[in-house]
Asker: 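One structure is given below, represented as structure tokens, and several questions about it will come after.
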Amino acid sequence: MMGPGWYLRRLSRMGPAEVVGRARHAVVQRQWRSALPTPPDWPAHPRFTAALPAGVLGKVSGEAVSQLLTTADELMAGRAEFFGVERTDFAAPDWFLDPKTGRRAPSDVYAFDVPYRSEDTVGDIKQIWEPSRHQHLTVLAAAYAVTGSPAYAERVAEHLRSWWAANPPLRGPHWVSGIELGIRLLSWVWTRRLLDGWPGAAELFEQNPDFQLQLWHHQNWLATLRSHGSSANNHVIAEDAGLLAAACAFGWFPESAGWRAAAMRSLDVQLARNTFPSGLNAELASEYHGLVLELGLAAAVEADAAGTPAPDSTWDVLLRMTDALASIVDDKLRPPRQGDADDGFGLIVDGTATDRWASLLASGEALFGRLEWWPPVPGDDVRTPLLAALVSRTPRATGARAGRRPAHLRDAGMTILRLGPVWVRCDGGPHGFLSIAAHAHADALSLEVRHDGVDVLADPGTFCYHGEPQWRSYFRSTLGHNTLELAGRDQSTSGGPFLWTRHAETRVLEVHTPDEGPCRWSAAHDGYAPALHRRTVELDGEVLRIVDEVLGEEIPGEARLAFHFGPTVTVMLDGTTARLRWTAGPETAPGAAVEEDRFGSTAGDSRLDSPAAGGRSGSAEGAARLGSVAGDRRSGAVVGDPVAGRVSGSLAGVVRTAVMELPPGLSWTVHRGETEPPLGWYSAGFGRKEPATTLVGSGAPGHLTTLLRFS
């Protein structure tokens, strides 16, 4: 639970209008505690008219259907995985169980009394909330739609009836957060659509008083308690999208027309506020760019299908977001790993093997048309043909689209340097979005470097939100990124797990990104004022030069320069020279190169749990051991060293190497899988982490030059 200090810090980030709005919400919540609002009468003969056009399912590729059915059959067998934790009870799930901690959230408590931030009381709330987004039900419903097998539909009906019975309005943890209600509504819309043709669909939905009660209370909640002020980030997009979709597809209440109009207006305004003119999401968190784009597309398509199209300004933002995504992805269609990521999806009708980013770009291509500079996009997903079939006209952009691939998105401060197989993301943008910058990391001037899609210098990721404050702090810290830390503190000041009270300001000084030839980027930030950290990055062929300078008369303390390597990269440090080695190919994708079980633990390498895994190799003994490993590998043996970084995956593929020449003025140490404090970790997805090698150079700040040469 948050203490009084947190509430004071949170209050300090609110404006007067937000304080008044939150007071109004508190009054409503007190009223609902004693007397639930009463839904109006259900219409006598409601009809669902938002079905898919005839023949559209035939446009789904065989590969996409195969991937969908593989996932659906796992669900039918009762198996599901959420954030690296496997569940085998999913034939009839307990909607309040956190399988990670074994705790069960209170189910018969007034929603706004549930201490959902307390893992000791509730468990990991993300583990509890995620299944109740009902996105596994849209997968099962999609499996019914493409096969006609009633078993999929019957399982959907069992889960919905179970959930509705266990979660009466405003009781328990599933009524606390608006983003959960909004995404759940979107899932219900698509579940009903995909079950159209099943004989039990009308009885489950429009003829069901339990569904009527749930549907009205979900929409009334969202219309009354919409996020605002410093919380109007991706949450408000999900709330508006869910309310709009439900009011379009299930427009049977007296309030439906008003809800639809209000949600459409708010979505139009909030999408614009949450998006830079360049098209990047203003939270500067790549996963949330995907979430907001998915939600916006689903809501706009729903409005179009209902004959009440969203304004051109809404479609224009969605187009700009799609073009921005196309501009920043690497050769494997992976976007940057910037800011928070919680693996949240807006709409899922595909199997887990379907690539999220390829699917989003395929949908953008179908809805808006591709530009010449777009990367090639495979079309093997279920969602794209379904979304495209519901749109009655091709959305038109009000502004001109870029004639060449943007490399520098000035307003977002993101610059992508590309030459051949090398992709470099440079961070020179704002700290985060709104006054609390909830999903920001203290990562000013940080870099990501990939070679042919492989993480070489990696952003370590996010790992967790609630319940593990030490890990939450590490993964969003300055030391947890490829940048420079001074005086042992972050560039920006944290006031809580989703709150920053002081934001470092960053300014891009120079960008040179020609179509061919050397690229250059330079930026500075004031997070250590009065000192200034300036970084210059040059990419020339397959040589990357990084120059870090601390300017000013008052230097606040010792510097620590961190370089975090991807989990497939083996690092051998000899003095100030680091030799890197990895295997190129699909087996080196994060989470695939290491043999893992479904819980994220590493099979067959117990050394990662040994004290040596947390050791430092800056000593002569460590350098000697690293040198012996280097000699063994040069002779063809595959030898893993828990300190230097084990070989992650088979070396049977194409072996790539690089050499890193580190600043000699710093003392360099190797870290891997340390826990006290955390250092040397990589999180491929929410709830999952694995040891990865980190090099840290400590000493007096000055003119520090690092060279990374690929060979």
Asker: Is the centre of the Phe90 ring less than 6.0 Å from the centre of the Phe82 ring?
Answerer: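 Yes - the distance between ring centres of Phe90 and Phe82 falls below the 6.0 Å cut-off.
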
Asker: With Ala362, which residues qualify under side-chain contact (heavy atoms from CB on, under 4.5 Å), at least two apart?
Answerer: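 Here the qualifying residues are Val377, Asp381, Thr384.
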
Asker: List for me each residue that meets salt bridge (charged side-chain N to carboxylate O under 4.0 Å, His left out) alongside Glu468, sequence neighbours excluded, and say none if there are none.
Answerer: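 Applying salt bridge (charged side-chain N to carboxylate O under 4.0 Å, His left out) to Glu468 gives Lys100.
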
Asker: If the condition is side chain to side chain donor-acceptor pair (under 3.5 Å), which residues does Asp350 pass it with, not counting sequence neighbours?
Answerer: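 Side chain to side chain donor-acceptor pair (under 3.5 Å) check on Asp350 returns nothing, list empty.
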
Asker: Taking only residues two or more places apart in sequence, or in another chain, which ones meet Thr147 in a side chain to side chain donor-acceptor pair (under 3.5 Å)?
Answerer: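 So Thr147 forms no side chain to side chain donor-acceptor pair (under 3.5 Å) with any residue.
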
Asker: Do Leu360 and Arg383 have side chains that get closer than 4.5 Å, going by heavy atoms?
Answerer: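 Touching, per the 4.5 Å side-chain cut-off.
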
Asker: Could you work out, with salt bridge (charged side-chain N to carboxylate O under 4.0 Å, His left out) as the rule, every residue matching Asp342, not counting sequence neighbours?
Answerer: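 For Asp342 the salt bridge (charged side-chain N to carboxylate O under 4.0 Å, His left out) partners, ignoring immediate neighbours, are Lys126.
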
Asker: Could you tell me whether Glu203 atom CD has more than 12 heavy atoms of other residues or ligands within 6.0 Å of it?
Answerer: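 Count not over threshold, so no.
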
Asker: Please enumerate all residues that pass side chain to side chain donor-acceptor pair (under 3.5 Å) together with Asn208, with sequence neighbours excluded.
Answerer: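 Scan of Asn208 (side chain to side chain donor-acceptor pair (under 3.5 Å), adjacent residues dropped) gives none.
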
Asker: Is Asp268 paired with Arg273 through a side-chain N to carboxylate O contact shorter than 4.0 Å?
Answerer: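 Here Arg273 does not pair with Asp268 in a salt bridge, since their nearest N and O are not under 4.0 Å apart.
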
Asker: Hey, could you give me each pair passing side chain to side chain donor-acceptor pair (under 3.5 Å) that has a residue in residues 29-57? Not counting sequence neighbours.
Answerer: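 Non-adjacent pairs meeting side chain to side chain donor-acceptor pair (under 3.5 Å): Arg33-Asp113.
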
Asker: What residues form a salt bridge (charged side-chain N to carboxylate O under 4.0 Å, His left out) with Arg104, not counting sequence neighbours?
Answerer: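 Arg104 satisfies salt bridge (charged side-chain N to carboxylate O under 4.0 Å, His left out) with Asp94 once adjacent residues are dropped.
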
Asker: Check whether NZ of the Lys or CZ of the Arg Arg356 lies under 6.0 Å from the centre of the six-membered ring of Phe345 and within 45 degrees of that ring's axis.
Answerer: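 Because its charged atom sits under 6.0 Å from the ring centre and within 45° of the axis, Arg356 does stack over Phe345.
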
Asker: Can you tell me how far CH2 of Trp221 sits from CG of Leu243, rounded to the nearest 0.5 angstrom?
Answerer: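 Spacing of CG (Leu243) from CH2 (Trp221) equals 11.5 Å.
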
Asker: Using the test side chain to side chain donor-acceptor pair (under 3.5 Å), find all partners of Arg226 that sit at least two apart in sequence or belong to another chain.
Answerer: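 So Arg226 forms a side chain to side chain donor-acceptor pair (under 3.5 Å) with Asp240.
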
Asker: Checking His218 now: which residues fulfil ring pair (Phe, Tyr, Trp, His ring centres under 6.0 Å) with it, not counting sequence neighbours?
Answerer: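 His218: ring pair (Phe, Tyr, Trp, His ring centres under 6.0 Å) contacts with Trp175, Trp188.
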
Asker: Test of understanding: with side-chain contact (heavy atoms from CB on, under 4.5 Å), list the residues that count as partners of Ala358, not counting sequence neighbours.
Answerer: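 For Ala358, the residues satisfying side-chain contact (heavy atoms from CB on, under 4.5 Å) (neighbours in sequence not counted) are Leu333, Asp355, Pro378.
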
Asker: Could you list the residues that satisfy salt bridge (charged side-chain N to carboxylate O under 4.0 Å, His left out) with Arg192, not counting sequence neighbours?
Answerer: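 Testing Arg192 for salt bridge (charged side-chain N to carboxylate O under 4.0 Å, His left out), a comparison that skips the adjacent residues, returns Asp196, Glu206.
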
Asker: Using modelled atom types and a 3.5 Å cut-off, is there a donor and acceptor pairing between side-chain atoms of Arg103 and backbone atoms of Asp120?
Answerer: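 Indeed, once roles are kept as given, a pair shorter than 3.5 Å links the two residues.
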
Asker: Below 30° counts as parallel, above 60° as perpendicular, anything between as tilted: where do the rings of Phe250 and Trp252 land?
Answerer: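 Plane angle between 30° and 60°, so tilted.
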
